[in-house]
Amino acid sequence: MSTLVIVESPTKARTIRNFLPSTYRVEASMGHVRDLPSSAEEIPEAVKGEKWAQLGVNVEADFEPLYVIPKDKKKIVKELKDALKEATELILATDEDREGESISWHLLQILKPKVPIKRMVFHEITREAIRDALTHCRDIDNRVVQAQETRRILDRLVGYTLSPLLWKKIAWGLSAGRVQSVAVRLLVRRERERRAFRQGSYWDLKATLTPPKPPASGRGAFEAKLVTVANVKVANGSDFDENTGGIISGRRVLLLNEEQARALLERLQNKPWTVTNLEERPVTRKPSPPFTTSTLQQEANRKLRLGARETMRIAQSLYERGFITYMRTDSVHLSEQAIAAARSCVQELYGSEYLSPQPRKYTTKSKGAQEAHEAIRPAGSTFRTPQQTGLDGVDFRLYDLIWKRTVASQMADARQTHVTLLTQVEDAGFRSSGKRIDFAGFLRAYVEGSDDPDAALEDQEVILPPLKVGDKPNCQELEAVGHETQPPARFTEASLVKMLESEGVGRPSTYASIIGTIVDRGYAKLVANALIPTFTAFAVTTLLETHFPDLVDTSFTSRMEQTLDEIATGEAKWLPYLDKFYRGETGLQTQVKEQESQIDAKVARTVVLENISAKVCIGKYGAYLEAEREEGPVKASIPQDLTPADLDPEQVEFLLKQKTEGPEKLGLHPETGEPIYVLIGNYGPYVQLGDVSETNKKPKRSSLPKGTDKDSVTVDMAVSLLTLPRLLGTHPDTGAKVQAALGMYGPYVVHDQGKVGKDYRSIKPPDDVLTITLDRALELLAQPKAVRGSKSTTPLKELGAHPESGELINVYDGRYGPYVKHGDINASLAKDESVENFTLQKALDLLAAKEAAGGGKSSKSKKSTKTTAAKSETAAKKTTTAKKTTAAKSETAAKKTTTAKKATTATKTKKETKSS
């Protein structure tokens, strides 16, 4: 007989197995094994007729949740029950946060063990940590479980009560969430500020000066910027009012225009310069604390360009493989063991002078900090350097970031000197700023990996030549420079996470899933790392602000978080709180009943934007414009890639004119004499050859390449685009045609073998779809990729042998993207997963998850069943069955099958990261 240990994931199970005696059996639950029903299909027959069944919470019976075992978890539960039959002891070793505690509690309710039970927690997966945790087991903390359950119920009440209202008043398939809707409002509010922004312009002078005598150091030329004229401050960007574009009322500054700046430049030419003041100010910089979940997401986004979801996925993998400590934490605290390990690294790698005089101990300022009890750091009593880990790709880069931050936290302060030099010419005052690093301190950790650390540190310095008051520097160049004020910056994932945390909204462990949901549900687009809200986001936010202001108020949501934390510590009771929130006089249920009749659907679907005369409305197929003209109301679709930020009066007029007067003629085709038009459709701008008529219902059309402005299109470019797809020639091996074309995802070449299949390759710069040759296309097609329709495939990447079967595991390219294969099991890579950075370990995790969910030869029929079910959901809208469909199912009903699957995943992710 043995001890059964249950953890969440196969990777965690494999790692822990190495540190336990052979009598211990470690199995994975694959996350939650029970949850509230996600569809009508999951509601038990016994309660299907109950009014509360759709909600999944019996509000009349003290908010009793209805827990069900999802279909894809039934096999796992059976395997765990079978394993328990052979065990003499059960150890629940799920994560140490609220979610992990909840998973353990649910396992206990389902398995109903008759053997001794222990709850084992640890914040790193190392031999020492696991052995220590075995000797310090405890019971399940029911208060923590209750706090998690309260959050889960609260999220369900908000989402499933407000979402149907949004479907009725704005558009089908929309969703609202306790934290999600607040985050969307932050994006919309920032975009409103940007639309209300009025640009201001100002001019100043910039000089390039050199000392009277060239210094021995060779550092001669330096810059000086105009700051005063006749002792009056020259206006800069901070002096402007964002709402008017003019100088803030009451500011005594001199605003220079171009003419005045150039006149001043002429007056100062060839005049003597004098140093009037020199100030040196010593500055000490302390290292930042080690990472919390929030700060890791922010830094990974800024430095590695990783999204919050991707950061957490990589961090979880590093934790489960024993490289870092637990990645969901609000704490900046380091254990004595970790402090000793970090200081040892500093001593060995940089020397004792780079150690802080005393060990640095950080305390968490966040009132709601309650997750794990230590910051994110390298695991173990000694820290492996990034080079010693054997990691590569993004795994290496994220570990490197965590290692540097942890080690730097125990290093000495950096000492710098900030230098301000003032010079005068005539009545104009100029300022130069410099920075000198006197002692690098903790900064050394951040540049040590570069080829030349000293040079890397020098890059952070701005050295001014050794000058003193009274010196006469020479002016090498003097130029007038124009500036324009900029609107408030849009939120990036990093800055949104920072804002949510500073406002006390939500918990850092859920930010990744919240941002993912916002993007997946079409409330925002992620463009160049900026989150840009859509027209739908504006409409939903306006409705919630008008009729349910508390639910999108950051202060209200923050107070809600505090109460939930108090429930976890026993300071507050969960039932009275839920009852007041949902059924009280001003409760959610009461508000929805009162407000629903007062919400005019036509008004709710209308987005009001400043400076736009036409109405922007949300329709069944997206946003559209509506305007009154002499001939009556005119409607025009807004392209899907156009956001409220981009919509201006000129574009509005173009779209409406295109609708009423027809497309704008670019010119005539040189061969056919037919007119060529430039139009804007639902998917962006395109060119069209000829007119739509009874005999020519579908004229030849071609989209513009991504990034091409419609105003820059010439007749020659249009003619070339209308030749697509271009026949480049025939493939020498098959005799099949090779073409170049432009598709939804950009330009590509295709080797078309008819029934055998088509083989595609993307065309990347500097190659051009309009000029690419057959020889170059053949080079692209020769690059490794699976040939669709052929039984023999060439792997995109060989990963290595499976540790149990010895069979090679490779990455292949399939119809729906890259996938890994082992035996009869195929598992697709995540959408944002890079094939180059994909490892054997990640493949094993994917395959194990697919196998646990019932993957294999029968997966095809299962997929078919799901597809049929998803299609029937759409039809269900027209039948009485729709009335019994739960809120989560209905949200995805109007979408295509693939979208439905994504939305279901997003819904689960939104509720809590580990909710299945």
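Quick caveat, the model's predicted, so the values are computed rather than measured.
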> Please confirm whether the backbone N or O of Phe19 pairs with a side-chain atom of Arg131, one donor and one acceptor, at under 3.5 Å?
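Such a contact is found between Arg131 side chain and Phe19 backbone.
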> Would you call Leu4 and Leu90 a side-chain contact if the rule is heavy atoms closer than 4.5 Å?
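Yes, close enough: below the 4.5 Å cut-off.
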> Taking 4.0 angstrom as the limit, do Arg25 and Glu86 come out as a salt bridge?
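Yes, this pair counts.
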> Does Gln297 use its side chain to pair, donor to acceptor, with the backbone of Ala308 at less than 3.5 Å?
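Such a contact is absent between Gln297 side chain and Ala308 backbone.
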> Could you tell me how the ring of Tyr577 sits relative to the ring of Phe581: parallel (under 30°), tilted (30 to 60°) or perpendicular (over 60°)?
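Parallel.
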> Report yes or no: does Thr15 contribute a side-chain atom to a donor-acceptor pair with the main-chain N or O of Glu320 at less than 3.5 Å?
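Yes, Thr15 side chain to Glu320 backbone: donor-acceptor pair under 3.5 Å.
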> Measure across Tyr319 and Glu124 and return the closest heavy-atom pair with its distance rounded to 0.1 Å.
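Closest heavy-atom pair between Tyr319 and Glu124: CE1-CA, 4.1 Å.
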> Decide, yes or no, whether a salt bridge links Glu101 with Arg119 under the criterion of side-chain N to carboxylate O below 4.0 Å.
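Yes.
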> Check the pair Tyr67, Glu149 against side chain to side chain donor-acceptor pair (under 3.5 Å), reporting the backbone distance first and the verdict last.
CA-CA 11 Å; Tyr67 287 122; Glu149 186 172 72; 2.6 Å; yes
> As an exercise, state the distance from CD1 of Ile130 to CZ of Phe122, rounded to the nearest 0.5 Å.
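Reported value, rounded in 0.5 Å steps: 4.0 Å.
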> Whether the side chain of Thr293 engages the backbone of Met327 through a donor-acceptor N/O pair (distance < 3.5 Å, no angle test) should be reported.
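Between the backbone of Met327 and the side chain of Thr293 there is a qualifying donor-acceptor contact (under 3.5 Å).
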> At what distance, to the nearest 0.5 angstrom, does CZ of Arg343 lie from CZ of Phe383?
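Atom-to-atom, Arg343:CZ and Phe383:CZ are 12.5 Å apart.
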> Are side-chain heavy atoms of Lys118 and Thr3 found at a separation under 4.5 Å?
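Lys118 does not reach Thr3 side chain to side chain.
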> Can a salt bridge be assigned to the pair Asp97 and Arg507 using a cut-off of 4.0 Å between side-chain N and carboxylate O?
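A salt bridge is absent here (no side-chain N lies under 4.0 Å from a carboxylate O).
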> Among Leu531, Val505, Thr554, which residue satisfies the side chain to side chain contact (heavy atoms under 4.5 Å, CB included) criterion with Leu186?
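With Leu186 as partner, side chain to side chain contact (heavy atoms under 4.5 Å, CB included) holds for just one option, Thr554.
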> Around atom CG of Asp82, are there more than 12 heavy atoms from other residues, nucleotides or ligands closer than 6.0 Å?
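Yes, enclosed.
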> Going by an N to O cut-off under 4.0 Å, is there a salt bridge joining Asp400 and Lys404?
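Yes, Asp400 and Lys404 are salt-bridged.
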> Between Arg143 and Glu571, is there a salt bridge with N-O shorter than 4.0 Å?
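Answer for the salt bridge query: no.
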> Before accepting this row, confirm whether a basic side-chain N of the pair Asp141/Arg98 lies closer than 4.0 Å to the acidic partner's carboxylate O.
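Result for this pair is no, no salt bridge flagged.
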> Arg17 side chain to Val26 main-chain N or O, any donor-acceptor pair under 3.5 Å?
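Checking the backbone N and O of Val26 against the side chain of Arg17, a donor-acceptor pair under 3.5 Å is found.
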> For Ile567, does its backbone N or O pair with a side-chain atom of Gln146 as donor and acceptor, under 3.5 Å?
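Absent.
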> Determine, for Arg313 against Glu310, whether the closest basic-nitrogen to carboxylate-oxygen distance falls under 4.0 angstrom.
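A salt bridge links Arg313 with Glu310.
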> Is the backbone N or O of Val332 less than 3.5 Å from a side-chain atom of Thr292, with the two atoms forming a donor-acceptor pair by type?
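Side chain of Thr292 to backbone of Val332: no pair is present.
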> Quick one: do Lys73 and Asp35 make a salt bridge, cutoff under 4.0 Å?
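Not counted as a salt bridge, because no side-chain N and carboxylate O are separated by less than 4.0 Å.
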> Would you say that Ser288 contacts Arg405 through its side chain, given a criterion of any heavy-atom pair below 4.5 Å between the two side chains?
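Yes - at least one pair of side-chain heavy atoms lies under 4.5 Å apart.
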> Between the side chain of Thr325 and the main-chain N/O of Arg377, is any donor-acceptor distance below 3.5 Å?
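Judged by distance alone, yes, a pair lies under 3.5 Å.
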> Among Arg34, Glu8, Gln148, find the residue that satisfies the side chain to side chain contact (heavy atoms under 4.5 Å, CB included) test when tested with Ile103.
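Among Arg34, Glu8, Gln148, the one meeting side chain to side chain contact (heavy atoms under 4.5 Å, CB included) with Ile103 is Glu8.
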> In sequence, state the C-alpha distance, the side-chain angles, and the governing distance for Val407 and Tyr350, and then conclude on side-chain contact (heavy atoms from CB on, under 4.5 Å).
CA-CA 11 Å; Val407 170; Tyr350 310 116; 4.2 Å; yes
> Donor-acceptor pair, Arg360 side chain versus Pro289 backbone, under 3.5 Å?
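No.
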> Quick one: do Arg178 and Glu561 make a salt bridge, cutoff under 4.0 Å?
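Salt bridge flag = yes for Glu561 with Arg178.
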> Carefully, step by step, assess Glu348 and Ser344 under the rule side chain to side chain donor-acceptor pair (under 3.5 Å).
CA-CA 6 Å; Glu348 291 175 17; Ser344 175; 3.1 Å; yes
> Would one find more than 12 heavy atoms of other residues, nucleotides or ligands at under 6.0 Å from atom CD of Glu353?
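For Glu353, atom CD is crowded (more than 12 foreign heavy atoms under 6.0 Å).
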> Taking Glu99 as the fixed residue, which of Arg151, His32, Arg328 is the one that meets the side chain to side chain donor-acceptor pair (under 3.5 Å) rule?
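Single side chain to side chain donor-acceptor pair (under 3.5 Å) partner of Glu99 among Arg151, His32, Arg328: His32.
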> Salt bridge check: are Arg152 and Asp155 linked by an N-O gap of less than 4.0 Å?
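The answer is no: the pair does not qualify as a salt bridge.
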